[in-house]
Structure formats: C-alpha cells, structure tokens
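We're numbering straight along the sequence, starting at 1. If you're wondering where the values come from, they're calculated on a predicted model, not measured in any experiment.
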Amino acid sequence: MLESFYQVGDNISSRRFMRVFNFSSKAHGRSCVEEDDYKAELGASINTKSISESKEDVDDGLISEAEFSHHDDEESSGSSSEKLETKTRPTGRTSVRRASSALFTAIVRTSSQSLRTVLDKWLEEGKDLGRDEISLTMSNLRGRKMYGRALQLSEWLKKHFPSSERDYASQVDLIAKVLGLEEAENYVENIPESFQGERVYRTLLASCVVANNIRKAEEVFNKMRDREFPLTPFACDQLLLLYSRHDRKKISDVLLLMEKENVKPSAFTYRLLINVKGRINDLKGMDQVVEAMKAEGMECDLMTKASLAQYYISGGMKEKVEAIVKEMEGGDWKRHKPACEYLLPIYAGLGKADEVRRVWAICMPKPTLSEFTAVMEAWGKLKDIKEAEATFNLMMETGCRIASKTYSVLLKMYVDNKMPNKAKDVVRCMSDSGCVIGPLTWDALVRLYVEAGEVEKADSFLQKAVKKNPQKPMYSSMTAIMEEYAKRGDVHKSEKIFHQIRQAGYPGRAQLFRFLTMAYINAKAPAYGLWERMKADDIFPDKNLVRQLALVNPFKSSSVSNLLD
C-alpha cells in the first residue's frame, strides 16, 4: 500500500481527504528536523506489490514535465508532428528539433511594439495561419523563452479565431510566465465557464509549482477537487514536486490520496521519490522505490540511472555504482553512445581518470555539445584544470556557440578551486559572447566573494545584478550572504537578507531562522518576536534551535518549556 511507504495513520474518506487532513499551507508545521528524522518521516519500507511509481536549487532534472514540455501548451496550438523533426533522447523523452517557420521569422524580426501590425498584415495578405504554422511558431517562441511575444501572439489569435480549452490553458501558462501568478489567476476567473476545465486548472497548478507558491498550489488543487475533476497523476506529481522541495512531510498525504483514489503513480512520480530518498541518503528506501518501479513494468532511463549512481557514490556503495555503469555501457557503443554524457561525471565521481579518458575517446571525433560539457564537468571533479581548459579550447575551435551551461561548468570549477581571476575572466567571456548572465553565474560569483571573506562585495554584486537583470536569485546565493552576516553578528544585514529572501518568493524555512538566531546570539542582542515569526511561517524548532532561541529570549524568566506550549 502507498501508506506503507510514507507512514500515516487514519482511515479517511477519500472524497473529503483534503479537508480532513487540513491540506493547506498549515497542514503540518515544518519542523527543522535533521536528515535522520526525515528518514523516519519518509518511511524505510515500500510494499512493492502495490506501489505503481529535483534545492530551491533542487535536482531540477526533476522539474515537472509541464514546466518544460508544455504538454498542454504545445497541444493548444495544435502541435504538428509533420513539421517537427523528433529524435528519442536517452532519457526516454523526445527532443524536438524545431523546423523553420515563416511566421516565427516575421515575429522575431519585428519589435514587440509593432507585432500586432505585422500580424494584421500577415492576415490581410492571406498568408498561412493554419494550426500547423501557429503550433510551430509557438514552439519556436517557447523554445527560445520568448514568452512575451508568445503571449502577444496568443492574445492576437484569440481576437481573430475561436479558442479551445487548450488555447486558454496555453495563455494561462504564458500569463504566469510574463505577468505573474496573480494575473494568471485573474485570467482563469474570466475564462468562459464552459472552458474552465481540468486542463486550464492543471496548467495553473503547474504555474504555482514553478513559482514555488505552496498556498496557491493547494488552493488550486482544492478547487480542482471541488469541481470534481478526475484526479490525475499529473496533478499529484505537481504537489509531490512542490513538497519534495519545501515540505517533505506532506508527501505522505499525496501518496495516501493517490492510493485511496486508485491513481497509479507515473514514471515521473518514481523518479521524484528516488531523488527524495537519495537526497536524504536513504539508499535502502531508494532501492525499494526502484524495485517498485520495475514491478510495474517501468524501467529507469539513463538520467535516473545516473542519479542512482551519484547517490551510491555519495553513500560509498561502489559495487552498486559499478553494476549501474556496466548496465549503462551495455557493451555496444553504437547503441549506447548516448550514455557517454552520463558516464563521464560518474567515472569522475569514482576518481577514475582513465575511464573518463576511455569514454571521451568514444565520443571523439565528433562529440556533442552535451558531451563536451559533461567531460569538462568530469575534469573539474577530478581537479584536472588543464584537461578541462583543453577541452574548452577544443570546443571553441569547433566554432559552435558556447551555451551558458558550459561556461557555468568552467566557472564552478574555478570557484571550487579558488581561482578568482580565472572565474572573472569566464564571466567577461560570457558577456562578450552574448550569454545572459543569470542566477547560476551570480551564485558562483557570490560564493567566490563569500569564500574570500568579502561578504559586502557579494551582497553589493547580487543587488546590482538583480537590478540590471530582474531575475530571481538562487536561494543558495542569498543564504550564503545571510549566513556570513549572521556569523559576524550583523543583525541589521541578516534581517535585510531575510526580508529579501521572502520578497523573492521563497517560503520561510527553519534554516533562515537558524541564521537569524545565530546573528542575535553573536551580536549578544535580544530577539523580540522571533518565536512568533516562526509560528506565523508554520515552522517549529528542533531541540537545538530551542536552546539557541532561549539564549536570545528577552524574557529570561520564561522557561524553555513555555516555548513549546
């Protein structure tokens, strides 16, 4: 039973499950328990007969299929298989090589202010505006993250052609991306009732998950239940993804609901649970999830096998890593060459430089961009700076455009090896080549400054970066700065960063209050209202934090037990 995986108690009517379990952002206090406690909460055993199947900056190989595949949004434009060249990726997914589109070219060549005029002229001249052309154009715009223009096109189409529920769902997603979640919610309320179906609401739910907004996601999920939409694996996966990031205790609620409603977990559900178990080093539980997955006739794809291998490496289980590697290699490199990009970092994690060279030789003489990036990451793990740089130079010689991800691998290597000048050179190179300097690059530079003891520079840099390029900084970037201020006992700046983290949309977490408490302790200052703030964020402290809170309690006569009332 699903209940046996995540221990939960009562037998409850599935229809009112959400209400009885208080399935809202206050359903459970988020305890700042340590990893061992999480193991107990997640459960150590799985009944393999009945189960049928991602850091703020979490394993976002696990980011929901909805977020990147636009399962609804591509359909909403009438996705054309005739015009899209597809090839199966080793992960089991299908990557789409976008064909050229005359409409897309026209949209890209005009300014956003003139877009409506161009589209009106396109229509007047009787040029192709069939579903295939629209689908291909939307696919290209989304693939290049040109969401603003995609939204403009969507709004223009709605005025000239009848809309389906798929079209409305596509627009919900685009509005959330461009204008924010609140605008997307308002838009849904104004969609004609006959089109307010499950597809629209599940798209809104996915948008809430992308925004890491637990309260809104739960509200939307409850609306879907109230409207008596059928419960789908996709909707459950969205909540599981959200809770795996922010509130693992609630995973059990979702699994129990799936069991009661006879919703079979998807392959994505299994991958997510594997990562949850792996991240807390519950390798026995992780193995049981894999066995449950296989019992349902599902096989691990290369990406999942690579994740398993990395968790086994972290747990010191080299024999299991070797078994996975052997399975991935398969003995026939013509058929199994796609495994190379996954094997390279695995062998590096095992410290096997010779195996990295052997696999890289198989990639030659025409390695793919992902293989170039993977071998650079591998040499970085092995701290072989010269090999990584030689690979990068070889990549440059191919004349291909270097992606931000590749630069980020090089940047991380320099930061990890405390080579600030070279790290700054990489950033300059990124800027010169037209790469967007975004949160991942910011995070590396913040680490560089913090580790050099220059937290003020890290803080100033991040503020300027966000002002110049309004994107959400990574949670790890902001907490690195906050922790350093806390160590110095700088209460004012610690509180400032705490406020900025909340403004960025990240939920309250026990870690943040640990840092705040540390700041007050090191400043030898009383912390008024800190306990109340934690309660407002639905966070309850573990024993260590209770002891720390007692040190900054302005009312010394209060006993520690009063804090626990």
Is any NZ, NE, NH1 or NH2 atom of the basic residue among Lys496 and Asp459 found under 4.0 Å from an Asp or Glu carboxylate oxygen of the other? yes
Have a look at Tyr168 and tell me which of Thr203, Val188, Val200 forms a side chain to side chain contact (heavy atoms under 4.5 Å, CB included) with it. Val200
Decide whether Asp253 and Tyr243 meet the rule of one side-chain donor and one side-chain acceptor closer than 3.5 Å. no
Ion pair Glu185/Lys216, N-O distance below 4.0 Å: yes
Are Tyr311 and Asn275 close enough, and set up right, to give a side chain to side chain donor-acceptor pair (under 3.5 Å), and what steps lead you there? CA-CA 9 Å; Tyr311 291 131; Asn275 276 269; 2.7 Å; yes
Please check if any side-chain donor atom of Glu495 sits under 3.5 Å from a side-chain acceptor atom of Tyr520, or the reverse. yes
Are Lys493 and Glu483 close enough for a salt bridge, meaning some N to O gap below 4.0 Å? no
Asn190 side chain vs Asn186 backbone, donor-acceptor pair below 3.5 Å: yes
Is it true that a side-chain atom of Ser408 and a backbone atom of Ser404 form a donor plus acceptor pair closer than 3.5 Å? yes
Keeping Asp173 on the side-chain end and Ala169 on the backbone end, is there a donor-acceptor pair under 3.5 Å? no
Is it the case that more than 12 heavy atoms not belonging to Lys381 sit under 6.0 Å from its NZ atom? yes
So, are Lys223 and Glu219 salt-bridged, with charged N and O less than 4.0 Å apart? no
Quick one: do Arg509 and Asp537 make a salt bridge, cutoff under 4.0 Å? no
Are Glu198 and Arg227 within salt-bridge range, i.e. N to O under 4.0 Å? no
Take Glu456 and Phe461 through the test side-chain contact (heavy atoms from CB on, under 4.5 Å) and record every step on the way to the result. CA-CA 8 Å; Glu456 289 84 3; Phe461 162 76; over 6 Å; no
Within the side chain of Trp442, is there an N or O that forms a donor-acceptor pair under 3.5 Å with the backbone of Ile437? yes
Is a side-chain N or O of Asn212 found less than 3.5 angstrom from the main chain of Tyr506, in a donor-acceptor match? no
Approximate separation, where rounding is to 0.5 Å, of Asn522 CG and Met518 CE: 7.0 Å
Answer yes or no on whether Arg202 is positioned over the face of Phe229, meaning its NZ or CZ is under 6.0 Å from the six-membered ring centre and within 45° of the axis. no
Would Asp443 and Arg447 pass as an ion pair if we require N to O under 4.0 Å? no
Does a side chain donor of either Ser370 or Glu341 reach within less than 3.5 Å of an acceptor in the other side chain? yes
Salt bridge Glu218-Lys250, side-chain N to carboxylate O under 4.0 Å: yes
Compute whether any side-chain donor of one residue and acceptor of the other, for Ser266 and Asp237, lie under 3.5 angstrom apart. yes
Close aromatic pair by centroid cut-off 6.0 Å: Tyr201 and Phe221: no
Could you check whether Thr304 and Ser307, counting side-chain N and O atoms only, form a donor-acceptor pair closer than 3.5 Å? no
For the atom pair CD (Gln171) and OG (Ser154), what is the distance rounded to the nearest 0.5 Å? 3.5 Å
In terms of side-chain heavy atoms, does Gln500 have a donor or acceptor partner in Gln463 at a distance below 3.5 Å? yes
For Phe498 and Phe515: C-alpha separation, side-chain torsions, deciding distance, then whether ring-ring contact (aromatic ring centres under 6.0 Å, His included) applies. CA-CA 9 Å; Phe498 179 92; Phe515 291 156; over 10 Å; no
Would you call Arg225 and Glu261 a salt bridge, taking side-chain N to carboxylate O under 4.0 Å as the test? yes
